[in-house]
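Ligands are counted one by one from 1 in listed order, and the atoms in each one are counted from 1 as well. Only this structure's heavy atoms are used, side chains among them; waters, hydrogens and symmetry mates stay out.
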Amino acid sequence: MAKVTGLEGIIAAETEISLVDGDNGLLVYRGYWAKDLAIDHSFEECAYLLLYGNLPNETELLQFTNRLIDNRKLPQAIEEIIDRLPNDMDMMSVLRTAVSALGDSTFSWKPTIEQAVRIISVVPTIIAYRYHQVRGSEVFLSKRGLSHIANYLYMLQGKVPTHAQERALTAYFVLTLEHGMNASTFSARSVLSTESDIISAITGAIGAMKGPLHGGAPTEVIHMLDDIHSIENAEQWLRERLEKGERIMGFGHRVYKTHDPRVVALKKISQILAGKDPWLDLALHVEKTAIRLLEEYKPGRKLYTNVEFYAAAVLRAVQMPAELFTPTFTASRVVGWSAHLLEQAENNRIFRPQSTYVGEMPGNSIGRGF
Ligand SMILES: CC(C)(COP(=O)(O)OP(=O)(O)OC[C@H]1O[C@@H](n2cnc3c(N)ncnc32)[C@H](O)[C@@H]1OP(=O)(O)O)[C@@H](O)C(=O)NCCC(=O)NCCS
C-alpha cells in the first residue's frame, strides 16, 4: 500500500501569527501567551490582534466591535438556502454550504480584513439560525449591546448568558482561535494560494475541520464519556478500544509531545465553572486512566490529552449542545484561518508539494506519445 507522510515536519510557510512549540507546550499569538490572553482579553481584542498584528487601542476596538456587529445579520438569500437543506444535514455541512453561498463578487481576490470580518461575524448567526430553523423553534436575532461571544449564546439559548458563562466561552474561543499549520489552516492556505477567493478557502477549511481527526473530536469525547458512563467502567472500556487498535478521542497530537497549554487552561476553567460535577469527575478519571493505558499500549508515543477533551467539558458547562461543538470550534478558528489567508496573500506562492511514484512502470518502452 502506498504510504502517506502527512507532511509531518515539513515547513510550508513562515508565519508571524502564532508559535506552536509542541516540545515545550507553548502557544504564542503575535508575541503574547495565548493562555494569558484567555484570562482577561475579549474575543474582539484577540481577533483584532490576530488579524492586524497588534492589540487595539480603545478607538480601534470600538470600531472593530461595531464592524463585527454590523455584519452579524444573515442575508435573506442565505436563510432561504438554509431553509431548503434537508433536515438531517449535519451542522458542519450546513455551515460549509452557507459560507460557500456567501461568496458573491465582493469576495474576489485579494482577501481583505473587511471580507474576513464579514465571514467571522456571520458564522455564529448561521449556526444559531439553523439550530432553531431545523427544530421549528424561535430564532433569536442578534442583540447589539452584547459581545460576539455573549451574543452567540444569546442567539442559541434566547437568554443573556451569565458573566461566568461568557468568560468561559470567551476563554475557549481565545484558546482555539489559531494553531499554526493544522489541517484546516493548511487547506485554506492551499486553496487561496491559487489566487482563489477567501470564501473558497474558508469553505475548504470547514470541510477539513469537519473530520473526527481534527475538529470533530469533542463531540466524540462526549459520546465516549456517555458510553463509559461510570468510573468503574473506564479502564475496561478503554482497554477494549486499545486492544482493537482503535483511537481514544481527545488524546494525541501531531505537534504536542507534552501537555498542551490549552488543555491546562480549559481544564481549570471547566473545573471552576462546573464545580462539583459527577460528569467532570468521570472526565478527570478517564483522562488519568487513558494516559496510563496509552503509555502501556503505545509506549514512547507521548500521547497526552489534547484540546478537544476539555473543550468538550467547557462547552458542556456553558450548555452548548454536543452537535454544536465542532461548529463552535469553527466559529472560533475562522479568525485564525482569516489571519493566515491575509498573510498568505501578502507574499503568495502556489502550494505544490510532490509525491513519490511507487506504482508500476509501463515496461521498457519510453512510449509513443507526443
Ligand atoms: C491527533 C492525531 C490525528 C495525530 O495523529 P498523528 O500525528 O498522525 O499520529 P499518528 O497517527 O502517527 O500516531 C502515532 C501513534 O500513536 C497512536 N495514537 C495516536 N493517537 C492515538 C489515540 N488517540 N488513541 C490511540 N492511539 C493513538 C497511533 O495509533 C500510532 O501508533 P503506532 O505508532 O503504533 O502506529 C491522533 O493523535 C488522533 O487520531 N487522535 C484522536 C483524535 C483527536 O483527538 N483529534 C483531535 C486533535 S486536536
Side-chain angles (χ1 to χ4, degrees), residues 1-12 18 20-23 25-27 34 92 172-187 205-228 234-267 270 283 286-316 322 325-330 332-333 336-337:
M1 203 194 304
K3 277 194 237 138
V4 177
T5 67
L7 299 178
E8 182 165 358
I10 304 292
I11 309 291
S18 71
V20 184
D21 177 347
D23 292 329
L26 307 175
L27 177 59
M92 285 302 283
Y172 165 81
F173 265 69
V174 171
L175 289 166
T176 52
L177 285 174
E178 155 59 17
H179 208 236
M181 198 60 79
N182 53 81
S184 56
T185 303
F186 177 72
S187 309
I206 295 172
M209 179 63 111
K210 184 172 183 259
L213 298 189
H214 188 11
T219 313
E220 303 293 329
V221 170
I222 291 281
H223 294 154
M224 172 176 80
L225 291 174
D226 283 350
D227 214 26
I228 294 177
E235 176 145 358
Q236 195 194 341
W237 193 99
L238 293 165
R239 268 192 199 283
E240 276 171 19
R241 299 294 134 143
L242 291 167
E243 291 284 346
K244 283 194 247 165
E246 288 177 15
R247 285 172 187 241
I248 312 294
M249 288 295 147
F251 295 86
H253 198 275
R254 170 64 63 79
V255 181
Y256 288 116
K257 300 303 170 198
T258 180
H259 293 286
D260 177 338
R262 301 169 302 169
V263 173
V264 181
L266 288 174
K267 185 169 173 176
S270 56
V286 167
E287 179 190 26
K288 249 199 305 185
T289 314
I291 292 176
R292 173 166 56 79
L293 295 181
L294 283 166
E295 185 50 32
E296 184 184 323
Y297 283 83
K298 300 279 175 186
R301 307 311 196 284
K302 298 187 177 161
L303 299 169
Y304 299 102
T305 327
N306 65 43
V307 68
E308 309 293 12
F309 193 81
Y310 282 103
V314 171
L315 293 175
R316 183 180 170 276
F325 287 5
T326 312
T328 301
F329 186 7
T330 307
S332 164
R333 186 55 61 81
W337 295 335

Fill in: CD/Q236: more than 12 non-hydrogen atoms of other groups inside 6.0 Å
no
Using only atom types and a distance under 3.5 Å, with no angle test, would you say the side chain of E295 pairs donor to acceptor with the backbone of Y297?
no
Geometry only, no angles: is I248 polar-contacting ligand 1 at N/O separations under 3.5 Å? yes
With heavy atoms and a 4.0 Å threshold, my read on which part of N306 contacts ligand 1 is side chain
_Please check if the number of heavy atoms outside K302 that lie under 6.0 Å from its NZ is greater than 12._
no
The atoms of ligand 1 lying under 4.0 Å from a heavy atom of G250, numbered in the order shown, are 43 (C), 44 (O)
- Student check: side-chain heavy atoms of M249 and E308 closer than 4.5 Å: no
Note: Y256 and H179 closest approach over all heavy atoms is OH-NE2, 2.9 Å
Ranked by distance from atom 45 (N) of ligand 1, the top protein heavy atom is L213 O, 3.3 Å
Are R292 and T289 side-chain neighbours, meaning at least one heavy-atom pair lies under 4.5 Å? yes
protein heavy-atom neighbour closest to atom 41 (C) of ligand 1 works out as F251 O, 3.5 Å
Ligand 1 to H214, heavy atom cutoff 4.0 Å, flagged ligand atoms 46 (C)
Atom 25 (C) of ligand 1: closest protein heavy atom, distance to 0.1 Å, is L294 CD2, 3.5 Å
Closest to atom 10 (P) of ligand 1 by heavy-atom distance, out of E8, R247, R301, is R247
Would you say atom 7 (O) of ligand 1 touches the protein, meaning some protein heavy atom is under 4.0 Å from it? yes
of all protein heavy atoms, closest to atom 1 (C) of ligand 1 is G252 O, 3.6 Å
* To do: Would you mind reporting whether R241 and I248 have side-chain heavy atoms less than 4.5 Å apart?
  => yes
Checklist entry - Does any non-hydrogen side-chain atom of W237 lie less than 4.5 Å from one of L225? => result no
**OP:** For atom 14 (C) of ligand 1, state whether the nearest protein heavy atom is under 4.0 Å away.
**Re:** no
The atoms of ligand 1 lying under 4.0 Å from a heavy atom of E308, numbered in the order shown, are 46 (C), 48 (S)
Of all protein heavy atoms, the one nearest atom 18 (N) of ligand 1 is L303 CD1, 3.6 Å
The protein heavy atom nearest to atom 4 (C) of ligand 1 is R254 N, 3.8 Å
Among H253, K298, M249, the residue with a heavy atom nearest to atom 42 (C) of ligand 1 is M249
Q) Taking the inter-plane angle between the rings of F309 and F251 on a 0 to 90° scale, is it parallel (under 30°), tilted (30 to 60°) or perpendicular (over 60°)? A) tilted
- Item | Heavy-atom donor-acceptor pair, R316 side chain to A322 backbone, under 3.5 Å | no
